[in-house]
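Data first, discussion second: the structure below is written as structure tokens.
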Amino acid sequence: MPLAPELLTWLLDTDPALRWQVERDLAGAPEDVWRATRARVATEGFGARLLAHQDPDGQWAGGAFFPAGFQGDEEYQPWTATTWSLSSLRDWGLDASALAGTAEKLAANSRWEYEDLPYWDGEVDCCINSWTLANGVWLGVDVSGIARWFVDHRLPDGGWNCEWVEGSTRSSFHSTLNSLKGLLYYETEAGAGDSADLRAARRAGEEYLLERRLLHRLSTGEQVGPWATHFGYPFRWGFSVLNALDYFRAAALHDGVGPDPRLADAVGVVRAAHRPDGTWLQEGRHPGRVWFEIDVPPGEPSKWLTFYGTRVLDWWDGARPA
């Protein structure tokens with residue numbers, strides 16, 4: 001899907017955290033150009049601002065998953081603590097060298113709010129473990145134990161559910177997508193592609209979502225929930241077909257395969273939300289305390305969502321026969 005020049009100009013007029021990805025994936029910029037932009041994440045804009053909030057002990061907001069002193073007394077979950085901050089910086093393309101020493105500081109100083117477990121050992125929530133797995137690989141930590149955890153805790157229907165500790169035996173769209181993201185990052189960045197059991201776990205989780213076409217309950221065929229077709233950025237922990245399609249794009253490129261035809265319904269939802277001017281609207285951010293906002297309020301054209309939507313449709317349309 002060729003981008004109109006004015007739309008590309010609009011997308012490029014943004015923070016380095018997004019600009020380098022637009023340059024690489026949409027503008028076809030030479031590698032030295034987008035890498036130079038990516039290097040600016042550490043010193044400019046969102047990346048530099050978030051780095052400035054890091055505590056001397058390596059954490060953010062004094063806590064692993066929740067800010068220090070959080071008692072569940074806020075209407076919405078805060079997004080300021082260590083795991084959310086690390087995940088944002090990784091997603092924005094920050095070079096791990098900008099966080100030299102952080103992994104060691106977290107090993108010494110950070111404990112999970114759940115049973116005071118050591119940070120790099122992970123805990124019992126598969127979404128938390130997926131982010132810790134990816135962040136650990138990024139920062140050079142041996143997180144192979146967390147990777148093994150996903151193999152051991154996959155549910156019989158193929159996916160994962162963060163509520164397994166409360167007895168849930170059925171997988172969740174949200175939990176499965178987050179788990180898959182962590183496993184794919186581990187596989188690509190840690191060179192773990194030769195691990196047959198990890199690869200099998202990832203494929204089973206993908207099949208769980210593909211059987212449901214990213215949208216539907218397997219039992220009734222009904223849409224799984226309104227959130228599946230609700231597009232908001234940052235994605236946080238939430239499932240949407242746009243978030244999931246971006247994962248399946250990355251997985252297909254990694255595996256060297258084309259798009260699975262069962263993604264067609266989800267692609268149709270993304271295409272239907274594409275406005276005549278080429279943009280996608282922000283439909284609503286996850287509420288809760290943040291260090292600062294990184295995208296527009298609901299109802300306005302979102303550069304982040306437009307980037308993801310365009311990238312997904314480019315992949316789908318370019319990989320399939322006309």
Less than 3.5 Å apart, any donor N or O on the side chain of [X] or [Y] sitting next to an acceptor on the other?
| X | Y | answer |
| --- | --- | --- |
| E187 | H254 | yes |
| Q71 | D73 | no |
| N161 | S171 | no |
| Y119 | Q59 | no |
| Q54 | T102 | yes |
| T83 | N135 | no |

Taking the basic N atoms (NZ, or NE/NH1/NH2) and the acidic carboxylate oxygens, is any pair closer than 4.0 Å for [X] and [Y]?
| X | Y | value |
| --- | --- | --- |
| D15 | R40 | no |
| R111 | D116 | yes |
| D197 | R148 | yes |
| R271 | D317 | yes |
| E207 | R203 | no |

>> Apply side-chain contact (heavy atoms from CB on, under 4.5 Å) to residues E189 and R90 and explain how you reach the verdict.
In response: CA-CA 12 Å; E189 300 300 320; R90 176 174 51 81; over 6 Å; no
> Which is it for L94 and L50 under the side-chain contact (heavy atoms from CB on, under 4.5 Å) test, yes or no, and what are the steps along the way?
Replying inline: CA-CA 11 Å; L94 180 75; L50 190 49; over 6 Å; no
In a table with atom names and distances, give each donor-acceptor pair under 3.5 Å that connects a side chain of residues 291-300 to protein atoms at least two apart or in another chain.
unit_1, atom_1, unit_2, atom_2, d
W291, NE1, T80, O, 3.0
D295, OD1, S302, OG, 3.4
D295, OD2, Q282, NE2, 3.2
D295, OD2, S302, OG, 2.6

>> Contact between F173 and R212 at the side-chain level, heavy atoms closer than 4.5 Å - yes or no?
In response: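 Sidechains of R212 and F173: in contact.
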> Is it true that L281 and Y233 fall in one hydrophobic cluster, defined by side-chain heavy atoms closer than 4.5 Å?
Replying inline: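 Not linked; separate clusters.
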>> A quick test of your reading: do over 12 heavy atoms of other residues, nucleotides or ligands sit less than 6.0 Å from CD of E75?
In response: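 No.
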>> Applying the ring-ring contact (aromatic ring centres under 6.0 Å, His included) criterion to W84, which one of F66, W60, F65 satisfies it?
In response: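 With W84 as partner, ring-ring contact (aromatic ring centres under 6.0 Å, His included) holds for just one option, F65.
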>> A96: which residues meet the side-chain contact (heavy atoms from CB on, under 4.5 Å) condition with it, sequence neighbours left out?
In response: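 Here the qualifying residues are W138, L139.
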> Is it the case that R154 places NZ or CZ above or below the six-membered ring of F150, under 6.0 angstrom from the centre and within 45 degrees of the axis?
Replying inline: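 Negative - R154 is either too far from the ring of F150 or too far off its axis.
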Check for me whether the distance between the ring centres of [X] and [Y] falls short of 6.0 Å.
| X | Y | result |
| --- | --- | --- |
| F235 | Y308 | yes |
| W160 | H153 | no |
| W92 | F46 | yes |

> Can R213 and D260 be said to form a salt bridge (Lys or Arg N to Asp or Glu O under 4.0 Å), step by step?
Replying inline: CA-CA 10 Å; R213 292 174 289 158; D260 191 293; over 6 Å; no
>> Pair W34, Q21 - check side-chain contact (heavy atoms from CB on, under 4.5 Å), show working.
In response: CA-CA 7 Å; W34 64 258; Q21 299 182 77; over 6 Å; no
> Is the H286 ring parallel, tilted or perpendicular to the W79 ring (thresholds 30°, 60°)?
Replying inline: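 Taking W79 first and then H286, their aromatic rings stand perpendicular (interplane angle over 60°).
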